[in-house]
Amino acid sequence: MPAFRLSRFVNLLVGVLLIVGCTERAPAPTVANADRGLALMTAFRDSLPEHSGNALRCVSCHLDNGTRPTAMSWLGTAARYPRYRARPGYEETLARRINECIARSLAGRMLPEDGQEMRDMLAYMETLRASARPAPVDSVKLLGDVAHGEVGYAGQCARCHGANGAGLPALAAPAVWGSESYAIGAGMARQYTLATFVWHNMPFDHADTLTAQEAADIAAFVLTQPRQDHPGKERDWPKGDPPIDVAYPTTAAAAAGKPLPPARPLLPRLVAPDSLLSRRGAQP
């Protein structure tokens with residue numbers, strides 16, 4: 001075979017091998033799997049350790065796999081997004097909202113919104129789309145007494161969540177403060193939000209036995225304890241309209257002359273939340 005023909009043949013062969021090799025190394029994404037999505041939400045740290053910043057799972061707060069009406073239910077949630085939310089100050093997709101929970105409640109690192117894990121989680125949320133949205137629960141908008149709350153926590157909560165708030169893995173009871181609990185930027189770090197959750201859902205095996213004031217007291221005590229910081233929290237509620245029970249000062253609220261909350265004890269952040277900082281409007 002003439003030299004120029006042999007050279008051309010070799011070049012073509014190399015090109016074909018490169019194409020085949022690239023195809024094998026970059027398979028097309030698989031179809032979204034709702035069962036896998038739920039599995040990720042129930043075993044977040046085990047499944048996605050590089051994105052986990054504490055010992056919590058998505059279902060630590062969204063009880064009964066997100067179907068309990070009194071525990072921040074996911075029923076009908078998919079039909080509500082995209083929607084404007086005041087905390088970030090822009091319209092969020094459901095993927096972005098899930099990432100907010102990962103960064104704040106799980107004190108973790110956000111997931112790629114076009115990745116397989118996020119698509120699987122969204123697939124599970126889609127299975128609940130047609131379910132009727134539960135009616136809002138009565139809120140506990142009461143200030144708590146920390147001393148009373150400490151007594152109440154010892155009597156009602158410590159047997160599951162531990163005297164030191166670190167949780168009991170054997171009971172799947174999450175940490176409620178410390179490095180393994182939710183960060184300061186999480187919704188549960190707000191007095192009214194936590195008190196309302198406690199009143200309607202705790203103790204886990206004797207729900208609805210606390211009074212609203214007892215729940216508020218326990219929430220007040222829990223929220224005086226240290227937890228991880230959330231970098232960028234000062235940018236929240238950019239229009240200067242934070243709820244009255246927000247746990248930290250924001251730049252916009254300070255500029256508007258609004259009263260600022262007292263400082264709370266913070267622990268160093270274990271995992272940077274900022275994997276989506278390059279995205280439009282991203283602020284973990």
Side-chain angles (χ1 to χ4, degrees), residues 26-83 85 87-88 90-134 167 169 171-175 180-183 185-188 193 197 201 204 230 270-282 284:
T30 58
V31 174
N33 186 322
D35 290 337
R36 181 172 182 266
L38 177 58
L40 294 173
M41 291 172 166
T42 57
F44 192 87
R45 169 174 275 184
D46 291 339
S47 301
L48 300 167
E50 293 183 357
H51 291 271
S52 174
N54 59 28
L56 301 191
R57 310 172 296 155
C58 303
V59 297
S60 296
C61 300
H62 303 276
L63 304 180
D64 300 337
N65 296 339
T67 65
R68 185 180 295 193
T70 58
M72 294 176 284
S73 174
W74 291 331
L75 296 173
T77 293
R80 304 179 70 208
Y81 284 83
R83 63 191 290 248
R85 297 186 66 249
R87 185 171 66 185
Y90 56 82
E91 186 178 81
E92 283 188 328
T93 63
L94 183 52
R96 176 65 191 183
R97 182 69 186 94
I98 292 173
N99 261 332
E100 282 271 314
C101 285
I102 290 172
R104 295 169 183 269
S105 297
L106 304 186
R109 179 176 294 111
M110 291 181 172
L111 293 168
E113 293 183 358
D114 55 357
Q116 186 67 48
E117 288 75 19
M118 180 61 74
R119 294 194 302 114
D120 289 342
M121 291 183 184
L122 291 172
Y124 176 70
M125 302 293 279
E126 283 294 325
T127 68
L128 307 177
R129 172 185 285 271
S131 301
R133 183 80 179 158
L171 299 177
E180 297 286 44
S181 189
Y182 48 87
M188 280 291 200
T193 301
F197 181 87
N201 300 288
F204 190 84
H230 181 74
L270 300 180
V271 174
D274 58 1
S275 63
L276 292 183
L277 281 178
S278 62
R279 302 269 177 142
R280 178 184 63 83

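Just so you know, these numbers use all the heavy atoms, side chains as well, and skip hydrogens, waters and symmetry mates.
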How close do [X] and [Y] get, counting heavy atoms only, and between which atoms?
{"X": "Phe44", "Y": "Leu56", "result": "CB-O, 4.4 Å"}
{"X": "Leu63", "Y": "Phe204", "result": "CD1-CE1, 4.3 Å"}
{"X": "Gly185", "Y": "Arg87", "result": "O-NH1, 3.5 Å"}
{"X": "Thr30", "Y": "Gln116", "result": "OG1-OE1, 3.0 Å"}
{"X": "His51", "Y": "Pro112", "result": "CE1-CD, 4.4 Å"}
{"X": "Cys61", "Y": "Phe197", "result": "O-CE1, 3.3 Å"}

**Asked** Does anything in residues 58-68 pair up under salt bridge (charged side-chain N to carboxylate O under 4.0 Å, His left out), and if so which pairs, sequence neighbours excluded?
**Response**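 Applying salt bridge (charged side-chain N to carboxylate O under 4.0 Å, His left out) to every pair that reaches into residues 58-68, excluding sequence neighbours, yields Asp64-Arg68.
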**Message:** Please list all pairs meeting salt bridge (charged side-chain N to carboxylate O under 4.0 Å, His left out) that have one or both residues in residues 32-52, counting only residues at least two apart or in different chains.
**Reply:**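 Qualifying pairs: Arg36-Glu117, Arg36-Asp120, Arg45-Glu180.
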Interatomic spacing from [atom1] in [X] to [atom2] in [Y] - rounded to 0.5 Å:
{"X": "Leu122", "Y": "Arg129", "atom1": "CG", "atom2": "CZ", "result": "10.0 Å"}
{"X": "Thr77", "Y": "Arg97", "atom1": "OG1", "atom2": "CZ", "result": "9.5 Å"}
{"X": "Thr127", "Y": "Met125", "atom1": "OG1", "atom2": "CE", "result": "9.0 Å"}
{"X": "Ile98", "Y": "Tyr81", "atom1": "CD1", "atom2": "OH", "result": "9.0 Å"}
{"X": "Glu100", "Y": "Leu106", "atom1": "CD", "atom2": "CG", "result": "12.0 Å"}

Spell out, as yes or no, whether a donor-acceptor pair under 3.5 Å connects the side chain of [X] to the backbone of [Y].
{"X": "Ser181", "Y": "Ala175", "result": "yes"}
{"X": "Arg133", "Y": "Leu75", "result": "yes"}
{"X": "Tyr124", "Y": "Asn65", "result": "yes"}
{"X": "Asn201", "Y": "Thr70", "result": "yes"}

With a 4.5 Å cut-off on side-chain heavy atoms, are [Y] and [X] touching?
{"X": "Arg104", "Y": "Met188", "result": "no"}
{"X": "Asn99", "Y": "Met118", "result": "yes"}
{"X": "Leu40", "Y": "Leu48", "result": "yes"}
{"X": "Ser52", "Y": "Val271", "result": "no"}

**Pair listing, side chain to side chain donor-acceptor pair (under 3.5 Å) test, anchored in residues 54-63, at least two apart** =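 Non-adjacent pairs meeting side chain to side chain donor-acceptor pair (under 3.5 Å): His62-Trp74.
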